[in-house]
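In what follows, a structure is listed as structure tokens, so that the remarks can point back to it.
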Amino acid sequence: MARFSNKVAIVTGSSSGIGRSTAVLLAKEGAKVTVTGRSSEKLRDTVDEILKDGGKSENINIVVGDLTESECQDDLVKSTLERFGKIDILVNNAGAAFADPSGVIGIATNINLFDDMLKLNLRSVVELVQKCRPHLIASKGDIVNVSSIAAGPQPFVYYTFYGIAKAGLDQLTRSLAIELIAHDVRVNSVSPGLISTGFLTAVGMPNEMAKKTENYYASHRDCIPAGRPGTPEEIATLIAFLADKNSSGFIIGQSIVIDGGTSLALAMPSHDLSKAL
Ligand code: NDP
């Protein structure tokens with residue numbers, strides 16, 4: 001029997017990148033999935049990938065909408081229950097960093113972006129969990145949040161507000177995990193480093209600049225010791241592991257770093273001291 005047979009999953013932000021790969025993997029391994037995002041066109045591509053991998057259209061529920069709006073969250077829960085009768089797995093993946101159009105970075109960034117960044121990356125997760133909570137308790141389900149190494153402990157200076165939102169998400173993971181494990185609902189999280197997705201273009205970079213940025217970091221092993229960005233499939237594999245009680249049932253409230261070594265990298269070892277002495 002496939003690993004996620006008889007399981008029902010909601011994957012937010014599944015019109016692109018990590019969310020799309022996660023929805024495709026869960027569906028491939030037997031889950032019924034609700035896919036969601038603002039772009040119906042990109043969601044269509046996700047559905048095509050699921051079907052190409054052997055999924056059935058009756059096992060896919062599509063919700064087009066802005067996750068920061070209560071109506072979209074309500075629609076996600078209601079339509080999933082109507083179509084599939086329960087919710088076993090909630091993957092809170094949708095997220096983004098927003099660049100200040102004036103090019104400012106750090107604390108000088110427009111304060112409205114602080115609100116936008118927290119609304120999408122943190123508040124929408126809190127609201128959706130509140131709405132899914134009784135259904136996840138009924139199914140003894142699993143939540144996987146998608147955080148970021150931008151949450152710390154090291155600083156994240158370009159997109160300070162994004163890092164603050166993800167740090168809040170990590171604390172939410174820990175607190176929720178303890179609250180909900182009393183009901184046999186597990187909560188865990190993944191913390192990716194640089195992953196090759198639509199993330200940088202969503203920040204506002206043209207495709208070519210996003211590629212150049214990835215290549216630059218990949219070619220500097222003091223930035224990514226593994227020498228390459230991660231793939232969305234690699235993150236999806238970890239999310240599926242954390243969503244599967246049989247594999248990870250004793251992992252509670254953890255945020256697992258998956259970053260090719262970035263968060264361990266120190267610049268000192270990458271300098272050739274012998275040349276300086
Ligand atoms: P993508 O930009 O490829 O995907 C982001 C997804 O979020 C899209 O499906 C997008 O859908 C959805 N989304 C964004 N805003 C909204 C909104 N207001 N309402 C509904 N859906 C929304 O990026 P990734 O796949 O990389 O990002 C996935 C997660 O991974 C995010 O939480 C991100 O913070 C995190 N992450 C990514 C890293 C990376 O380097 N790529 C590193 C660390 C963490 P649509 O555009 O259709 O609305």
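The basis for the numbers below is simple: all heavy atoms, side chains too, and nothing from hydrogens, waters or symmetry mates. Each residue takes its place number in the sequence, starting with 1. Numbering of ligands and ligand atoms starts at 1, following listing order.
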Check: of G193, S124, G13, S40, min heavy-atom distance to atom 42 (C) of ligand 1 comes from G193
For atom CD1 of I111, decide whether the heavy atoms of other residues, nucleotides or ligands shown that lie under 6.0 angstrom number more than 12. yes
Suppose I only count heavy atoms of L67 and a 4.0 Å limit; which atoms of ligand 1 are within that range? 17 (C), 19 (N), 20 (C)
Would you mind running through ligand 1 and noting each atom that sits below 4.0 Å from a heavy atom of L194? 40 (O)
Which atoms of ligand 1 have any heavy atom of A94 under 4.0 Å away? 7 (O), 32 (O)
Reported CG-to-CD1 distance for the pair L242 and I256, which is rounded to 0.5 angstrom: 4.5 Å
Among all protein heavy atoms in this structure, tell me which lies nearest to atom 43 (C) of ligand 1, with the distance rounded to 0.1 Å. P192 O, 3.3 Å
Atom 25 (O) of ligand 1: which protein heavy atom is closest, and how many Å away? I18 N, 2.9 Å
For ligand 1, the portion of R20 having any non-hydrogen atom under 4.0 Å away: neither
Out of the candidates I18, V125, T22, only one should pair with N93 under the side-chain contact (heavy atoms from CB on, under 4.5 Å) rule; please name it. I18
Ignoring hydrogens, what is the shortest heavy-atom contact between A240 and L25? Give both atom names and the distance. CB-CD2, 3.7 Å
Side chains of T262 and D259: donor-acceptor distance under 3.5 Å anywhere? no
For ligand 1, is there an N or O atom under 3.5 Å from any N or O atom of K42? yes
Is any side-chain N of the basic residue among E41 and R44 closer than 4.0 Å to the acidic one's carboxylate O? no
Of all the non-hydrogen atoms in the protein, which one sits nearest to atom 27 (O) of ligand 1, and at what distance? F199 CD1, 4.3 Å
Taken to the nearest 0.5 Å, the spacing of T109 OG1 from F98 CZ works out to 13.0 Å
Atom CZ of residue position F4 - does it have more than 12 heavy atoms of other residues, nucleotides or ligands inside 6.0 Å? yes
Scan side-chain atoms only and decide if S39 and S15 contain a donor-acceptor pair under the 3.5 Å cut-off. no
Candidates C72, A236, S147; heavy atom nearest atom 44 (C) of ligand 1 found on S147
Note: ligand 1 atoms sitting under 4.0 Å from heavy atoms of V146 are 29 (C), 30 (O), 32 (O), 35 (C)
What are the two closest heavy atoms between S79 and N61, and how far apart are they? OG-ND2, 2.9 Å
Would you mind writing out the side-chain donor-acceptor pairs for residues 197-209 within the sub-3.5 Å range, not counting sequence neighbours?
residue: T197; atom: OG1; partner: F199; partner atom: N; Å: 3.0
residue: T201; atom: OG1; partner: G198; partner atom: O; Å: 2.8

For ligand 1, is there an N or O atom under 3.5 Å from any N or O atom of G19? no
Using heavy-atom distances, let me know which of P229, G95, G17 sits nearest atom 5 (C) of ligand 1. G95
Per-atom contacts, ligand 1 versus S16 - under 4.0 Å to a heavy atom: 1 (P), 3 (O), 4 (O), 8 (C), 9 (O)
heavy-atom search around atom 36 (N) of ligand 1 in the protein gives Y162 OH, 3.8 Å
Minimal non-hydrogen separation, A218 against P229, with atom names: CB-CD, 3.9 Å
Nearest non-hydrogen protein atom to atom 32 (O) of ligand 1, with distance, is N93 O, 2.7 Å
So CZ of F161 and CG of D116: to nearest 0.5 Å the spacing works out to 10.5 Å
Considering only the protein, which heavy-atom contact is closest to atom 47 (O) of ligand 1, and what is its distance? S15 OG, 2.7 Å
For atom 15 (N) of ligand 1, find the nearest protein heavy atom and state the residue, atom name and distance (0.1 Å precision). R38 NH2, 3.3 Å
Nearest 0.5 angstrom please: F241 CZ to S248 OG, how far? 5.0 Å
Which of the atoms in ligand 1, numbered in the order shown and given with their element, are less than 4.0 Å from a heavy-atom of L120? 15 (N), 16 (C), 17 (C), 18 (N)
I'd like to check whether I195 has a polar contact with ligand 1, where a contact means an N/O of the residue lying under 3.5 Å from an N/O of the ligand. yes
Indicate, as side chain, backbone, both or neither, the part of T36 found under 4.0 angstrom from ligand 1 when only non-hydrogen atoms are considered. neither
When distances are taken from atom 18 (N) of ligand 1, the protein heavy atom at minimum range is D66 OD1, 2.9 Å
Which atoms of ligand 1 are found less than 4.0 Å from any heavy atom of S39? 47 (O)
Which atoms of ligand 1 have any heavy atom of G65 under 4.0 Å away? 19 (N), 20 (C)
Heavy atom to atom 41 (N) of ligand 1, shortest distance: which of T197, V63, I235 holds it? T197
Is G198 in polar range of ligand 1, meaning some N or O pair under 3.5 Å apart? yes
No-hydrogen, no-angle side-chain donor-acceptor test under 3.5 Å, D100 and S102: yes
S148 versus ligand 1: do any nitrogen or oxygen atoms come within less than 3.5 Å of each other? no
Look at R38 together with D66 and state whether they make a salt bridge at an N to O cut-off of under 4.0 Å. no
